[in-house]
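Below is one structure, written out as structure tokens; the observations come after it.
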Amino acid sequence: MEEKERKDKFLTDSSIEIKRVYSKLTIADEQPGEFPFTRGVQSTMYRSKLWTMRQYAGFSTAEESNKRYHYLLNNGTTGLSVAFDLPTQIGYDSSHDFADGEVGKAGVAIDTLRDIEILFDGIKLENITTSMTINSTASILLSMYVALAKKQGADLKKISGTIQNDILKEYAARGTYIYPPKPSMRIITDIFEYCSKDVPKWNTISISGYHIREAGSTAVQELAFTLANGKAYLKAAIDKGLDINIFAKRLSFFFNAHNNMFEEVAKFRAARRMWAKITKELGATDSRAQMLRFHTQTGGSTLTAQQPQNNIPRVTIQAMSAVLGGTQSLHTNGFDEAIALPTEEAARIALRTQQIIGYESGITDTVDPLAGSYFVEALTNEVEAAAWDYIHKIDAMGGSVDAIEQGYLQNEIAASAYKYQKDIQSGEKVIVGVNKFTSEEAPLKDVFTVNDSIRQLQIDKINQVKSERDNDKVQTLLKKLDEHARADVNLMPIILESAESYATLGEIADTMRNVFGEYNG
């Protein structure tokens, strides 16, 4: 007599039904490093080199963040990942009224090139890869980074890193946009064009599913909406006359990793296969232009303020799914991040989690170790099929931009977020320490906080920079930026020149605001 099962149906987080047993199925004879890259984008994967171990960090002032970067580098991180505060993300200087109460809170405050110089003090940009989570002001932050590289005497052909630069997901899921979609897409393709010639190793966009997932989407929706956005960027660049075999090589992706390990692995494997097909259909013939390379961050929305130490095994499971799924770089969240910015101890434990997986677990010794698993292969196929269904619907609406303007992506994400919360409240979805296995506990003693007084420090720095720079030159350059924004001219050279002359981030962003206007949703 068979024992009664715990549930009538077992489902993934995307409501894909999981069978009791998976039996033999036809598996494509694919090899890692070969089209369609289901099994990985390199033939040797981690047998040659482990993924880049990044720790997302940035808070308070450039001086304070610089100390954290040196701490992380000294503890073995192999790439930096910069978080910017909200005023920086939406193009306001720390002195702006809208910045009050937000300076340095969600990330580091950057107002001028002076802040970037301090942020990377003692760090050679030629020797490190830097990822910057910045979207509407990506052109400005990239220009400041390039300006610093030039001051350091770096070869721009050698500096490498990534700007997120993914504005479509801001309209759909996150909200840190400035300009309407059309001028925003123009700026993005200007960056593609500029970097392909002047900074060829730079990843010009990190098409982000992370924030779509954080907003409440399922794994399938994260995959589908991210690839649909990617498709929109490809088409915009092609329409601008750019060669897909050149610019597509520098596109990367940014995915979330949640707790349902096998669904996450299937999502990553399906993503590579789907992107290879999308790029090929749009004319990519170079295999490197067909490859989906991605960074992963463990799920911020899965962290709990209750029993925060439980977040350590959660992050471990999520990180393992990213590695088993073939990620190129990885950030692991600190266990205390549901409460505040991570302390140094939490950041160190998060980094050590990656290092233990990389050096002790053995899962890096072979490529795509879950390949051939009846369950994983079947789930990869099912996740892919469900994601294609969404993409076909979006294509029928005219693509991502039109689907976002119609509210389709936003409504689908909202419905999924509602269902998830409902399932937690009903107990259908168990969150250990939240709706099951709860206990009374003392609050964490060590919590990282940012002092409100840093806004005045930033204002003082802005005033000092303005007193030392050539203000006439800055005004001339901003006028030229205004003219270029009104014409069909690539904006990156004039934004770079303005940044090099110590124009503030707000001055540059406002000049484009005056031309393009603001998007109000």
Side-chain angles (χ1 to χ4, degrees), residues 57-70 80-96 98-100 102-126 128 130-134 136-154 156 159 161 163 199 450-478 481 492-512:
F59 53 86
S60 186
T61 61
E63 290 88 347
E64 290 302 311
S65 291
N66 176 261
K67 291 176 188 175
R68 177 65 66 90
Y69 293 159
H70 282 285
L80 296 177
S81 189
V82 185
F84 298 96
D85 71 359
L86 284 173
T88 303
Q89 291 182 48
I90 53 177
Y92 292 117
D93 291 334
S94 298
S95 54
H96 197 286
F98 289 172
D100 191 15
E102 294 292 345
V103 177
K105 294 293 179 68
V108 63
I110 300 295
D111 292 304
T112 69
L113 175 57
R114 181 71 48 82
D115 287 318
I116 289 288
E117 291 166 354
I118 296 166
L119 187 67
F120 293 102
D121 185 43
I123 299 169
K124 283 286 189 185
L125 301 189
E126 258 192 39
I128 194 80
T130 304
S131 175
M132 295 191 281
T133 303
I134 196 71
S136 57
T137 54
S139 59
I140 305 170
L141 270 299
L142 174 60
S143 293
M144 290 180 179
Y145 192 88
V146 169
L148 176 58
K150 288 170 71 176
K151 289 189 78 168
Q152 288 186 352
L156 296 188
I159 69 164
I163 43 171
V199 197
V450 175
N451 196 311
D452 281 328
S453 65
I454 69 147
R455 182 177 183 230
Q456 189 57 52
L457 295 175
Q458 286 300 115
I459 292 171
D460 292 343
K461 275 197 285 184
I462 292 170
N463 291 336
Q464 184 179 354
V465 166
K466 287 183 175 180
S467 71
E468 294 172 354
R469 73 187 187 182
D470 184 339
N471 284 295
D472 289 339
K473 181 180 180 183
V474 168
Q475 292 308 311
T476 300
L477 290 169
L478 293 175
L481 173 59
M492 280 302 293
I494 186 61
I495 294 173
L496 173 58
E497 199 175 349
S498 301
E500 288 179 307
S501 300
Y502 292 89
T504 71
L505 174 129
E507 288 172 332
I508 297 170
D510 280 347
T511 300
M512 292 190 283

Check: Lys461/Gln464 side-chain N/O donor and acceptor closer than 3.5 Å | no
May I ask you to test the Lys466-Val474 pair for a side-chain heavy-atom distance under 4.5 Å?
-> no
How close do Ile495 and Ile140 get, heavy atom to heavy atom, and via which atoms?
-> CG2-CA, 4.0 Å
Starting at CG of Asn463, measure out to CD of Glu468 and round the result to the nearest 0.5 Å.
-> 11.0 Å
What one should report as the nearest heavy-atom pair of Ala109 and Asp85 is CB-OD2, 3.3 Å
Validation row: Met492, Leu142 side chains within 4.5 angstrom (heavy atoms) = yes
Apply the test salt bridge (charged side-chain N to carboxylate O under 4.0 Å, His left out) to residues Glu102 and Lys105: give CA-CA distance (whole Å), side-chain angles for both, the deciding distance (0.1 Å), then the verdict.
-> CA-CA 5 Å; Glu102 294 292 345; Lys105 294 293 179 68; over 6 Å; no
Write down the atom of Gly153, the atom of Glu126, and the distance for their closest heavy-atom approach.
-> O-OE2, 4.3 Å
Kindly compute the distance separating CG (Asn66) from CD (Glu117), expressed to the nearest 0.5 Å.
-> 12.5 Å
To the nearest 0.5 angstrom, please state how far the CZ atom of Arg68 sits from the CG atom of Leu119.
-> 13.0 Å
Scan Ile118, Asp111, Ile110 and name whichever one has a side-chain contact (heavy atoms from CB on, under 4.5 Å) with Arg114.
-> Ile118
Under 4.5 Å between any side-chain heavy atoms of Ile123 and His70, yes or no?
-> yes
Would you check if Leu478 and Ile508 make a side-chain contact, meaning some heavy-atom pair closer than 4.5 Å?
-> yes
Strictly by modelled atom types, are Asp460 and Gln456 linked by a side-chain donor-acceptor pair under 3.5 Å?
-> yes
With a 4.5 Å heavy-atom cut-off, do Phe84 and Thr137 have their side chains touching?
-> no
Can you tell me how far the CG atom of Leu457 sits from the CD atom of Glu63, to the nearest 0.5 Å?
-> 8.0 Å
Rounded to the nearest 0.5 Å, how far apart are CG of Asn471 and OG1 of Thr476?
-> 10.5 Å
State, with a plain yes or no, whether a side-chain heavy atom of Ile163 is found less than 4.5 Å away from one of Tyr145.
-> no
For Ser94 and Ala99 the tightest heavy-atom approach is O-CB, 3.6 Å
Leu481 side, atom CG; Glu507 side, atom CD - distance, nearest 0.5 Å | 11.0 Å
Measure the shortest side-chain to side-chain distance between Ile159 and Thr130 over non-hydrogen atoms and say whether it is less than 4.5 angstrom.
-> no
Tightest non-hydrogen contact, residues Ser501 and Arg469, listed as O-CB, 3.9 Å
Would you name the heavy atoms of Ala149 and Leu156 that are closest together and state the gap between them?
-> CB-CD2, 3.9 Å
Asp115 side chain reached by Gln458 side chain, heavy atoms, under 4.5 Å | yes
